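Some notes on the structure that comes next.
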Number of protein chains: 2
Amino acid sequence: MVGIRDVARLAGVSTATVTRALRGDPSVTAATKAKVQAAAVQLGYVPSAAARALSRGHSNLLGLFVPDIVNPFYAQVAQGLEDRAAEERYHCVIASSHLNREREQQLLTSFQDGTLAGLAATTVGSDESFAAALTATRGPLVLVDRRPRGFNAPLVRTDNRKVTRHAISRLFAMGHTRIAMISGPREFDTACQRLSGFRMAYQDAGSFLPDSYIRHGHLGEAGGHAAMRELLALPQVPTAVFCFNNLVTVGALTAIRAAGLKIPHDISVLAFDDMSLFPLVDPPITAIAQPAYEMGRAAADMLLRRLAGEQEVTDIVLPATLIERESLGPPPAAERITPPAT
Amino acid sequence: MVGIRDVARLAGVSTATVTRALRGDPSVTAATKAKVQAAAVQLGYVPSAAARALSRGHSNLLGLFVPDIVNPFYAQVAQGLEDRAAEERYHCVIASSHLNREREQQLLTSFQDGTLAGLAATTVGSDESFAAALTATRGPLVLVDRRPRGFNAPLVRTDNRKVTRHAISRLFAMGHTRIAMISGPREFDTACQRLSGFRMAYQDAGSFLPDSYIRHGHLGEAGGHAAMRELLALPQVPTAVFCFNNLVTVGALTAIRAAGLKIPHDISVLAFDDMSLFPLVDPPITAIAQPAYEMGRAAADMLLRRLAGEQEVTDIVLPATLIERESLGPPPAAERITPPAT
DNA sequence: TTGTAGGCGTTATCAG
DNA sequence: CTGATAACGCCTACAA
């Protein structure tokens, strides 16, 4: 292990000067700076991260907690966070809880050791002990996508309600009157917001929304699949479905295909969150795309700013956009004749 | 900041005892152990990761370098690595280079500071300076998926050649004689192995493989798209394509769709690497699935073993499997009548 | 079984 | 502009 003292000795200066020279401190002669750098490269000197972290009081690691790194949405957030962090010479440690709250807690507490300078998180859990663990983190905290109840950390999100309202209104414009939603857990504010936009579109259209058309608390492919089956078993099968997120959509699509229904002929499908393969699905899926990469960058940016001492970091709301493909169409002919029963 | 001394004071013991008690050292009375633990929780004591790392000589962070975390293959590897690492109380730092070699180098060198206890990597670069940087890493190194030329670190991979040969033979059995391959960069040993399996299947079938049916060096969706267009412009359009990996497949599919061709009626498509949405694509894509999650676990395991002092860690070869869906079919009728020209 | 004390490699303060 | 030197917080011989 070649240390700073070795470099100092070779360059004929003190360790303090080495530190300064290497950090580009202006109060160092160009001559000595050159000497030091030469010595450093000659010795292949690399400052120890641990020693630096101990001495400076914090690491150069940013954390990202996500429920599932395999979900491309979070992978994109990760990429954005990492790119932005790299610009300030920070690295990222990514922890994925597999949608497991217990694991999430463990991870959280295990990171209270100062490994991380700051943390960006999208959490599944939301109870108090959880909140406590999250705020006990040494460095700044930023929330991504959603904010658990009773939290006050800054959040980066998209305008869920607005974009949903807009997208659903398109469905009404096409003649649909029976639009269902496979929604997420009630505790997710994202679910609330998307549901709210959904309801507003119903109001705008002056249509009645039966409770049975909203399936709460579904998550993942399995959840989407189950919810879709319930929907298809209803006496009045909806003519369109709006899915809470990408994985839920995949599950719903599978159920629809299994039922032998054709999209959009028999039923229209609208997804929240885009996927790179949606354009190639049969049929190409219309989706509301969140700027995941940008959300990651924004989260890193907020963290970096707080790390730089800035206090007044506030929420960021990015626009989501409707990407029209072919999974939306007019309702089946029969439905247009028979409006929804009382 | 509550430190070990605070705990020691509260528990009425020395700092050494605190360390031992908390680590579960058997040479500590149950009584004192209890006292210490009580004090620790009462104070909310969490040992500093930096101090521990400095003192012990290495961190509890495992690194994973991948070209692209948004590619679900690597995301799954990451998940596997993380899960296995967590079992031994290690965390994971994930760095994704965006397929950019320069960035890869930067990342690599920036991690020579001992941040990582060990590193698992799938690299894009392969030159000497690169190899040097990779081996200069403080801790053990494990390669995932492919090994850059002239490296001797242990590798976890799948049996590319064997599974490819098998899959391609299915195509021949269906009556195809003009099977093309969109292959990856020549420096990738994975590309070589898959190509080798591809060639062997041709030999097994006693068919002639024109050079124009192999497109080298394509990567990513853009690469797959370009290569497919070239293939479709050939005088003798192939009746089946084998794609080097998942992203290449997506690009190829897009090109095929743009050309107005129907799969598998006009052309059959075989993918290397599965994707969760392949079953829903039009038509469902037949793919060779690598056990990505298991590969990640295996990589973590090898790292952990080397960290535990084990020396003789050798390559691991996991089985890949052909998942039959609907993108493979007999060649177009016309082709069956007119065998490939001289 | 438990305590004492030195060191891990940097950074930062304070003189000079 | 540069040099000594004291932390940073924990771990671990070694001693008791």
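On a predicted model such as this, the values are computed, not experimentally measured, just so you know. Letters A, B, ... mirror the listed sequences (proteins, then strands); counts begin at 1.
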| message | Assuming nearest nucleotide by heavy-atom distance, tell me which of A:Arg20 and A:Gly3 is located more 5' along DNA chain C. | response | A:Gly3
Please produce a list of atom pairs where a protein N or O lies less than 3.5 Å from an N or O of nucleotides 5-8 of chain C.
none

| query | Does B:Glu187 come within less than 4.0 Å of B:Arg101, counting only side-chain N to carboxylate O? | reply | yes
| request: Name the residue closer to the 5' end of DNA chain D, choosing between A:Val13 and B:Val46 according to the nucleotide with the nearest heavy atom. | output: A:Val13
| query | Should the pair B:Phe65 and B:Phe111 be assigned to parallel (<30°), tilted (30 to 60°) or perpendicular (>60°) ring geometry? | reply | perpendicular
| field | Between P of D:dC8 and CD1 of B:Ile4, the distance in whole Å | value | 15 Å
| Once you round it to whole Å, what is the distance between C1' of D:dT12 and CZ of B:Arg52? | 14 Å
| Once you round it to whole Å, what is the distance between C1' of C:dT10 and CZ of A:Arg23? | 11 Å
| query | Under a 4.0 Å N-O cut-off, is there an ion pair linking A:Arg306 with A:Asp301? | reply | no
| Value in whole Å for how far the P atom of C:dG9 lies from CG of B:Asp113 | 14 Å
| task | Salt-bridge test for A:Glu294 and A:Arg84: reply yes if a basic N is under 4.0 Å from a carboxylate O, no otherwise. | result | no
| task | When you get a sec, tell me which of D:dT12, C:dT11, C:dT2 is the closest nucleotide to the side chain of B:Thr19? | result | D:dT12
| So, is A:Ser48 near the phosphate of C:dT10, with a side-chain N or O under 4.0 Å from OP1 or OP2? | no
| task | May I ask you to decide if the ring planes of B:Tyr293 and A:His98 are parallel, tilted or perpendicular, using 30° and 60° as cut-offs? | result | perpendicular
| Do any side-chain nitrogens or oxygens of B:Thr29 fall under 4.0 Å of OP1 or OP2 in C:dT1? | no
| Between P of D:dT2 and CG of A:Leu22, the distance in whole Å | 14 Å
| remark: Rounded to whole Å, CG of A:Leu43 lies from P of C:dG9 at a distance of 14 Å
| query | Between A:His91 and B:Thr115, is a side-chain hydrogen bond (donor to acceptor under 3.5 Å, both in side chains) present by the stated rule, with each step listed? | reply | CA-CA 10 Å; A:His91 292 302; B:Thr115 296; over 6 Å; no
| said: Without decimals, in angstroms, what is the distance between B:Met1 CE and D:dA7 C1'? | reply: 15 Å
| Looking at the side chain of B:Ser27, which of C:dT10, C:dT13, C:dT2 is the nearest nucleotide? | C:dT2
| Looking for any heavy atom pair under 4.0 Å, which part of the strands does B:Val18 touch: base, sugar-phosphate only, or nothing? | nothing
| note | Looking only at heavy atoms, the pair that brings A:Phe151 and A:Leu143 closest together is CD2-CD2, 4.0 Å
